[in-house]
Amino acid sequence: MSAPETATPAAPPTDRFDLFVIGGGVNGCGIARDAAGRGLRVGLAEMGDLAGATSSASTKLFHGGLRYLEYFEFRLVRESLIEREQLLKAMPHISWPMRFVLPIHPEMRFENSTPTSRLLNLVMPWMKGRRPAWLIRLGLFLYDTLGGREILPGTKSLSLDGTREGAPLKDSLHRAFEYSDAWVQDARLTVLNARDAARWGAEIWPRTKVTGARPQGDGWQVDLQDTETGEARQITAKALVNAAGPWVADMLNGTLGRNSEAGIRLVRGSHIVTRRLYDHDKCYFFQGSDGRIIFAIPYEQDYTLIGTTDMDHPDPDQPPEITETEIDYLCAFASEYFREPVTRTQVVWTYSGVRPLYDDGASSASAATRDYTLRMEGSGPPLLSVFGGKITTYRRLAEHAMDHLAEHFPTIRAPWTAGRPLPGGDFPVEEAEHRIAELLKAYPFLGPSGAQRLFRHYGTEAAEILGDATSAADLGRDFGAGLSEAEVRHLMTREYARTAEDVVWRRTKLGLRLNEDQIAALDAWLAEERSRKNSPT
């Protein structure tokens with residue numbers, strides 16, 4: 001039996017759940033959405049803001065992971081490539097196709113630890129670890145065919161001489177391959193999954209920490225605490241999902257009291273954002289002499305995103321921050337390709353995230369698997385822990401999580417999320433530009449960039465935010481950079497936003513355009529609104 005065509009009305013608040021999810025990143029929210037749509041009574045607790053950690057700090061790509069082919073991770077790449085198009089169909093407002101230009105550089109090399117590098121060194125030792133163009137083309141052929149393609153065009157060869165793709169690059173680069181992947185707004189993806197879970201009846205509690213849990217009969221009793229007010233409560237659940245991201249091992253062996261041998265490897269990925277480095281909408285895939293790769297990606301209309309690094313991170317409670325060495329590394333790496341050197345003075349923002357990878361004993365952070373591992377505890381009430389994973393496979397991870405839990409819920413419905421739109425994404429992929437033009441026509445005061453930003457954030461819900469407005473003044477207070485009171489109220493009432501950081505660095509990226517005084521004013525306004533809402537009438 002499939003999920004119903006329309007969501008059932010939300011059930012009254014309860015303290016008794018079929019399934020309770022710990023962690024409000026993309027995996028936790030994806031599992032909550034899947035389970036709620038199958039008819040389970042679902043709750044989710046996140047100790048901070050939704051997408052407040054890893055899920056807002058990715059490279060923001062739906063991709064198969066071209067470099068994972070070098071590690072022979074064919075299952076992961078195939079699943080990712082199949083998912084890439086499923087996800088494009090489900091969220092064409094926050095995800096869209098991009099073409100990637102991969103220049104052929106004579107000094108590009110494999111990382112020494114990859115199976116492909118070891119094999120090539122064995123049969124072709126004279127290559128000395130170099131990545132030959134023919135092997136890259138073979139990898140791209142596999143990339144085009146492993147998962148099948150319906151929306152995205154395939155690979156082609158490209159001349160860099162006298163072309164717009166070659167214009168920003170050094171004259172020594174003459175050839176490239178061009179292939180397809182997709183962009184996604186990662187934090188918005190997470191929040192929209194939470195919203196859709198709530199639409200199916202799930203209860204979503206950001207800023208709520210799980211402080212303890214113990215078996216009770218054939219289920220769990222869980223202690224929760226509001227991290228802002230300190231208010232405590234207890235809930236019961238038949239099954240738990242530990243999707244705590246970087247804290248998954250701490251949650252399993254600490255709060256949940258298990259003694260698991262499952263290990264986690266924390267890997268920090270850092271990115272820099274510069275003013276726009278070139279004037280077209282394609283991305284660059286750069287390969288280094290150290291075997292690593294980075295991307296240079298058009299970002300938020302006026303910027304370029306460059307990343308990522310791979311560094312072991314010691315402690316999930318230590319906030320991830322880019323180091324001076326990483327900034328220099330990314331600038332130098334990009335400067336090996338761009339005609340004009342990328343310098344620290346061009347960097348306008350940086351961000352870092354911690355990937356909670358399953359510890360497979362790899363020799364380096366770059367080599368650690370990006371595949372996910374789901375572990376059911378062998379005794380006691382049902383407890384499933386999620387290790388690793390990548391943003392592209394979050395929906396399949398959720399389906400596999402429900403496969404593990406299905407025996408405990410014999411009446412649940414069948415899988416249902418493939419291709420099903422997230423809020424605002426109920427239109428065909430190919431209509432995105434037409435829809436943006438229609439939004440601009442209906443609300444000309446937005447201007448082209450304003451209409452594009454709103455639609456790429458909210459899709460068909462943009463018109464709901466704008467309502468009957470005929471001018472910017474009709475949208476209430478202007479916080480700067482096109483951020484209106486109407487938009488902020490939408491983020492507060494429907495997307496769980498509470499602070500300026502939630503708004504300008506996760507729900508949007510307008511922190512790039514707002515100054516400190518504007519952000520502080522927004523934070524004060526939000527605090528006043530929360531206080532007014534919570535005051536007795």
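Remember, it's a predicted structure, so these values are computed and weren't measured experimentally.
Judged by distance alone, with hydrogens and angles left aside, the side-chain atoms of R188 form no donor-acceptor pair with the main-chain N or O of I94 at under 3.5 Å. Side-chain N or O atoms of W200 include none that pairs as donor or acceptor with a backbone N or O of D34 at under 3.5 Å. Side-chain N or O atoms of Y351 include one that pairs as donor or acceptor with a backbone N or O of S58 at under 3.5 Å. Proximity of a side-chain donor or acceptor of K238 to a complementary backbone N or O of H408 within less than 3.5 Å is detected. Although no hydrogens or angles enter the test, the distance criterion places a donor-acceptor pair under 3.5 Å between the side chain of R78 and the main chain of L146. A donor-acceptor contact shorter than 3.5 Å is absent between the side chain of S95 and the backbone of P92. Put simply, the side chain of T308 gets close to the backbone of S270: a donor and an acceptor are under 3.5 Å apart. H490 places no side-chain N or O within donor-acceptor distance of the main-chain N or O of A486, the cut-off being under 3.5 Å. Without hydrogens or angle criteria, T54 side chain to G353 main chain gives no donor-acceptor distance under 3.5 Å. With hydrogens and angles disregarded, no donor-acceptor distance shorter than 3.5 Å links the side chain of T208 to the backbone of A45.
Of the N and O atoms on the side chains of T59 and H271, at least one donor lies less than 3.5 Å from an acceptor on the other residue. Between the side chains of T211 and Q225, no donor-acceptor pair of N or O atoms lies under 3.5 Å. With hydrogens and angles left out, the side-chain atoms of W205 and D226 include no donor and acceptor closer than 3.5 Å. Using modelled atom types, one finds no donor on one side chain facing an acceptor on the other under 3.5 Å when comparing Y458 with E464. Between the side chains of D181 and Y143, at least one donor-acceptor pair of N or O atoms lies under 3.5 Å. Between the side chains of T323 and R268, no donor N or O sits under 3.5 Å from an acceptor N or O.
Considering all non-hydrogen atoms of both residues, G64 and L81 come closest at CA-CD2, 3.8 Å. The shortest non-hydrogen separation linking G388 to L397 is O-CD1, 4.5 Å. Here the closest heavy-atom approach between residue S80 and residue K390 is recorded as OG-NZ, 3.5 Å. Taking each heavy atom of L142 and F74 in turn, the nearest pair found is CD1-CE2, 4.4 Å. Nearest heavy atoms, P320 versus V354: CB-CG2, 3.7 Å. When all heavy atoms of H457 and R507 are compared, the closest pair comes out as CD2-O, 3.3 Å.
In this structure, L66 CG and I293 CD1 are separated by 8.0 Å, a value rounded to the nearest 0.5 Å. The line from CG of L240 to CG of L383 is 6.0 Å long, rounded to the nearest 0.5 Å. Atom CD of E83 is separated from atom OG1 of T393 by 7.5 Å, given to the nearest 0.5 angstrom. A distance of 10.5 Å separates CZ of F20 from OG1 of T236, quoted to the nearest 0.5 Å. Here the OG1 atom belonging to T411 is positioned 12.0 Å from the CZ atom belonging to R38, to the nearest 0.5 angstrom. L491 contributes atom CG, which lies 7.0 Å from atom OG1 of T508 (distance to the nearest 0.5 angstrom).
Side-chain contact between D523 and T499 is present, with heavy atoms from C-beta onward closer than 4.5 Å. Considering only heavy atoms from C-beta on, Q185 comes within 4.5 Å of W96 through its side chain. L44 places a side-chain heavy atom less than 4.5 Å from the side chain of C29. A 4.5 Å side-chain heavy-atom check between V273 and K509 finds every atom pair outside the cut-off. In this structure the side chain of F285 reaches within 4.5 angstrom of the side chain of F295, judged on heavy atoms. Looking at E407 and M376, their side chains never come closer than 4.5 Å, going by heavy atoms from C-beta outward. Side-chain contact between V488 and L483 is present, with at least one heavy-atom pair separated by less than 4.5 Å. By the 4.5 Å heavy-atom criterion applied to side chains, Q301 and R513 are counted as neighbours.
Between F479 and W525, the ring center distance clears the sub-6.0 Å criterion.
Remark: E529 engages R489, R532 in a salt bridge (Lys or Arg N to Asp or Glu O under 4.0 Å) (not counting sequence neighbours). With sequence neighbours left out, D502 forms a salt bridge (Lys or Arg N to Asp or Glu O under 4.0 Å) with R207, R506. Partners of R16 under the salt bridge (Lys or Arg N to Asp or Glu O under 4.0 Å) rule, at least two apart in sequence or in another chain, do not exist in this structure.
Y394 pairs in a side-chain hydrogen bond (donor to acceptor under 3.5 Å, both in side chains) with only one of the listed residues (N27, D186, N193), which is N193.
Within a 6.0 Å radius of NZ in K209, other residues, nucleotides and ligands contribute 12 heavy atoms or fewer. When the shell of 6.0 Å around CG of D218 is examined, it contains 12 or fewer heavy atoms from other residues, nucleotides or ligands. Residue R498 qualifies as enclosed at atom CZ: its count of foreign heavy atoms under 6.0 Å is above 12. For E430, the CD atom is densely surrounded, since the number of other residues' heavy atoms within 6.0 Å is greater than 12.
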Q: Output, in order, the C-alpha distance, side-chain angles, deciding distance and verdict of side chain to side chain contact (heavy atoms under 4.5 Å, CB included) for Y329 and R292.
A: CA-CA 11 Å; Y329 174 81; R292 295 212 66 253; 3.6 Å; yes
**Q.** R355/H313 under side chain to side chain contact (heavy atoms under 4.5 Å, CB included): CA gap, chis, key distance, verdict
**A.** CA-CA 9 Å; R355 307 181 188 100; H313 191 75; over 6 Å; no
(Q) Could you walk me through whether H63 and T392 satisfy the side-chain hydrogen bond (donor to acceptor under 3.5 Å, both in side chains) test, starting with their C-alpha distance in whole Å, then the side-chain angles of each, then the deciding distance to 0.1 Å, before giving a yes or no? (A) CA-CA 6 Å; H63 65 139; T392 313; 5.0 Å; no
Q: Please assess I412 against D18 for the test side chain to side chain contact (heavy atoms under 4.5 Å, CB included), listing each intermediate value before the final yes or no.
A: CA-CA 11 Å; I412 62 169; D18 297 317; over 6 Å; no
Q: Under the side chain to side chain contact (heavy atoms under 4.5 Å, CB included) rule, what do D315 and L266 come out as? Steps first, then yes or no, please.
A: CA-CA 8 Å; D315 182 352; L266 301 179; 5.8 Å; no
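For the pair R395 and Y372, the cation does not sit on the ring face, since its NZ or CZ is not both under 6.0 Å from the ring centre and inside 45° of the axis.
We find that R195 and E461 are joined by a salt bridge, their nearest charged nitrogen and carboxylate oxygen being less than 4.0 Å apart. R233 and D15 are joined by a salt bridge, as a carboxylate oxygen and a charged side-chain nitrogen come within less than 4.0 angstrom of each other. Ion pairing of R453 with E487 is present here, as a side-chain N (NZ or NE/NH1/NH2) and a carboxylate O approach within less than 4.0 Å. Between E79 and R396 a salt bridge is recorded (basic side-chain N to carboxylate O distance below 4.0 Å).
Using the six-membered ring where Trp is involved, H93 and F427 have ring planes that are perpendicular, over 60° apart on the 30 and 60° scheme.
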